[in-house]
Every structure is written in structure tokens, then in C-alpha cells.
Amino acid sequence: VTGVQTCALPICALGARDSFLSDVGNGDFVIVTRYPDRKTREDALHKVAELRREGAVEFGAELVETQAGDIIARSAGP
């Protein structure tokens, strides 16, 4: 488990349905987190911000951008 993974994994304990860590190359990672509803997400935001700060200090992780929105389509594999 890498440092980035240890920052991403606790997000599920904050009520997220799941959280995905994707290595997009060149040392960059993307974390996609799904919450069951907006209230759960809003309630978790303070702690998530704290985890980001810890990751920046401990692992040199830099938050470049955050985005939020509703899932409007889904495709499941076989």
C-alpha cells in the first residue's frame, strides 16, 4: 500500500460507497469517490480536507483540482 493509497482508503470510513485510485502516469493519481447522497458528501468534506493536508505533508502529495457532480450515466461490465 502506497502513501497515496493510505490517504484514499479512509475516505470510505466517512460514508463513501467506494473510492477508486487510478495511476494516470508520470507520478499523478486521480481519486474518484462515490457517496450515497449529497448530505453524506457534505458531512465528510471537512475530514477529507484534513486527509488531503496530511497527504501533502507526509507524502508530498499536491492537490491539483477537485470536482463534484452527480452521476448521470453508468455502464457495468459483464
Side-chain angles (χ1 to χ4, degrees):
V1 176
T2 68
V4 175
Q5 288 169 315
T6 60
C7 289
L9 296 175
I11 293 172
C12 288
L14 301 175
R17 280 193 180 145
D18 43 36
S19 188
F20 303 91
L21 175 68
S22 179
D23 182 345
V24 295
N26 297 325
D28 293 336
F29 296 87
V30 173
I31 299 172
V32 176
T33 304
R34 292 187 320 142
Y35 290 94
D37 52 56
R38 285 180 186 247
K39 181 178 180 340
T40 304
R41 178 186 172 274
E42 294 298 321
D43 290 347
L45 283 181
H46 177 72
K47 184 63 178 172
V48 169
E50 185 179 316
L51 289 170
R52 287 184 185 132
R53 284 191 296 276
E54 290 175 13
V57 171
E58 190 168 343
F59 306 111
E62 177 186 356
L63 174 63
V64 176
E65 177 182 14
T66 62
Q67 296 183 4
D70 295 328
I71 296 173
I72 58 171
R74 179 177 181 215
S75 176

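Looking at residues two or more places apart in sequence or on another chain, you find no salt bridge (Lys or Arg N to Asp or Glu O under 4.0 Å) involving Asp28. Listed by chain and residue number, Phe20, Arg34 satisfy the side chain to side chain contact (heavy atoms under 4.5 Å, CB included) test with Asp18 (two or more places apart in sequence, or in another chain). Under the rule for a salt bridge (Lys or Arg N to Asp or Glu O under 4.0 Å), the partners of Asp70 that lie at least two apart in sequence or sit in another chain are Arg38. Every side-chain hydrogen bond (donor to acceptor under 3.5 Å, both in side chains) that Glu50 has, sequence neighbours left out, goes to Lys47.
Put simply, CG on Leu14 and CZ on Arg41 are 12.5 Å apart, with the number rounded to the nearest 0.5 Å. Between Tyr35 atom OH and Leu45 atom CG the span is 6.5 Å, to the nearest 0.5 Å.
Here the shortest heavy-atom pairing between Gly15 and Pro36 reads O-CD, 3.1 Å.
When each of Val32, Ile31, Thr33 is checked for a side chain to side chain contact (heavy atoms under 4.5 Å, CB included) with Leu21, only Ile31 meets the rule.
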